[in-house]
Amino acid sequence: MNICVFLSAADLDERYTRPAREFGELIGKGGHTLVWGGSDSGLMKVVADGVQEAGGRLVGVSVEFLSAVARPGADEMVVAADLAERKRLLLEKADAVVIMVGGTGTLDEATEILELKKHGRTAKPVVLLNTAGFYDGLEQQFRRMEAEGFLPRPLSELMYFADGPAAALAHLEESLAAG
């Protein structure tokens, strides 16, 4: 399975790096491929290290203005012209999506896949990995959107909220086996 992971390239605290590394190791041990932003820094590096060290494949999609920090030694690295093309390529190459901790870029990528799902343009499973309660507020906001009629489909059809790496991967594997 090609698993697209949206996450930060920032250097972060152990409470975020440890679960990211664990998720990367689970991807690699499961024989899966990481499809990610291609950066060799911060949390992006941590998850890629975990995947590669556990025997998984790395497919990066960088962007021209960030190509200097692209990971050397990835199995495949594509350099997109801009962020819009990068998102499109990441989603094209993925069978499933996991949203990990991140900033505005991660939120942009997350809302893109959720809009595509909302409108029936993709059926790829989406997991929000809520490491250390990072997305508690966002989950509350999504639940409010659902309760107040802002979502035309049940939230459970758009995304799955996982508290840990093992639950995230298990959900993806079950979703793809069922569908």
Side-chain angles (χ1 to χ4, degrees), residues 1-10 12-37 39 42-44 46-48 50-51 54 56 61 86-87 90-179:
M1 169 177 21
N2 291 342
I3 302 171
C4 176
V5 177
F6 295 135
L7 74 166
S8 179
L12 299 169
D13 187 82
E14 171 75 12
R15 67 186 161 159
Y16 300 121
T17 58
R18 185 182 29 75
R21 182 166 188 83
E22 180 185 338
F23 189 62
E25 290 170 355
L26 289 171
I27 290 171
K29 287 177 185 171
H32 303 299
T33 296
L34 172 67
V35 178
W36 93 122
S39 180
L43 211 56
M44 284 197 196
V46 171
V47 75
V51 170
V61 182
R86 181 192 208 184
K87 279 190 297 188
L90 284 164
L91 293 174
E92 273 180 15
K93 293 176 177 294
D95 300 313
V97 174
V98 174
I99 302 157
M100 295 180 69
V101 297
T104 55
T106 302
L107 285 177
D108 174 56
E109 294 160 338
T111 55
E112 176 96 9
I113 185 67
L114 293 174
E115 276 297 293
L116 291 169
K117 281 200 77 164
K118 183 179 92 175
H119 294 291
R121 306 304 293 171
T122 185
K124 295 175 186 183
V126 176
V127 172
L128 188 137
L129 181 48
N130 191 17
T131 301
F134 184 80
Y135 285 123
D136 286 351
L138 186 60
E139 181 177 355
Q140 180 181 359
Q141 185 63 49
F142 279 128
R143 295 203 185 283
R144 182 175 180 180
M145 288 175 187
E146 179 180 39
E148 295 186 17
F150 288 93
L151 301 178
R153 297 173 62 186
L155 185 58
S156 62
E157 290 180 14
L158 296 177
M159 66 190 320
Y160 174 80
F161 295 92
D163 288 331
L169 187 60
H171 178 77
L172 296 180
E173 290 175 341
E174 290 167 15
S175 295
L176 290 174

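Because the structure is a prediction, the values reported are computed rather than measured.
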Step by step, would you call Met1 with Thr33 a side chain to side chain contact (heavy atoms under 4.5 Å, CB included)?
-> CA-CA 6 Å; Met1 169 177 21; Thr33 296; over 6 Å; no
Please report the interatomic distance [atom1]([X]) to [atom2]([Y]), rounded to the nearest 0.5 Å.
X: Leu90; Y: Trp36; atom1: CG; atom2: CH2; value: 10.0 Å
X: Arg21; Y: Glu14; atom1: CZ; atom2: CD; value: 10.5 Å
X: Glu25; Y: Leu169; atom1: CD; atom2: CG; value: 12.5 Å
X: Met145; Y: Lys118; atom1: CE; atom2: NZ; value: 9.0 Å

Looking at residues at least two apart in the chain, or sitting in another chain, which of them share a side-chain hydrogen bond (donor to acceptor under 3.5 Å, both in side chains) with [X]?
X: Glu146; result: none
X: Glu139; result: Arg143
X: Glu148; result: Arg144
X: Lys29; result: none

Where do [X] and [Y] come nearest, in terms of heavy atoms and distance?
X: Ala48; Y: Leu34; value: CA-CD2, 3.8 Å
X: Ala20; Y: Leu43; value: CB-CD1, 3.6 Å
X: Leu129; Y: Ala168; value: CD1-CB, 4.3 Å
X: Pro125; Y: Leu172; value: CB-CD2, 4.0 Å

Under a 4.5 Å cut-off applied to non-hydrogen side-chain atoms, are [X] and [Y] in contact?
X: Leu114; Y: Leu116; value: no
X: Val126; Y: Leu158; value: no
X: Val98; Y: Met100; value: yes
X: Asp95; Y: His32; value: no
X: Thr122; Y: Leu91; value: no

Please walk me through it: do Val35 and Val97 pass side chain to side chain contact (heavy atoms under 4.5 Å, CB included)?
-> CA-CA 9 Å; Val35 178; Val97 174; over 6 Å; no
Those residues that, when tested against [X], pass side-chain contact (heavy atoms from CB on, under 4.5 Å) (two or more places apart):
X: Glu174; answer: Ala170
X: Ala10; answer: Ser8, Leu12
X: His171; answer: Val127, Tyr160, Ser175
X: Arg15; answer: Asp13, Ala132

If you look only at pairs with a residue in residues 99-110, which of them pass as a side-chain hydrogen bond (donor to acceptor under 3.5 Å, both in side chains), with sequence neighbours excluded?
-> Lys87-Asp108
Pairs involving residues 124-136, ordered by first then second residue, that meet side-chain hydrogen bond (donor to acceptor under 3.5 Å, both in side chains) (sequence neighbours left out) = Asn130-Asp136
Which pairs with one or both residues in residues 157-171 pass salt bridge (charged side-chain N to carboxylate O under 4.0 Å, His left out), sequence neighbours excluded?
->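 Every pair satisfying salt bridge (charged side-chain N to carboxylate O under 4.0 Å, His left out) with a residue in residues 157-171: Arg153-Glu157.
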Looking at residues at least two apart in the chain, or sitting in another chain, which of them share a ring-ring contact (aromatic ring centres under 6.0 Å, His included) with Tyr16?
->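 Residues passing ring-ring contact (aromatic ring centres under 6.0 Å, His included) with Tyr16: Phe134.
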Carefully, step by step, assess Leu128 and Leu138 under the rule side chain to side chain contact (heavy atoms under 4.5 Å, CB included).
-> CA-CA 10 Å; Leu128 188 137; Leu138 186 60; 4.1 Å; yes
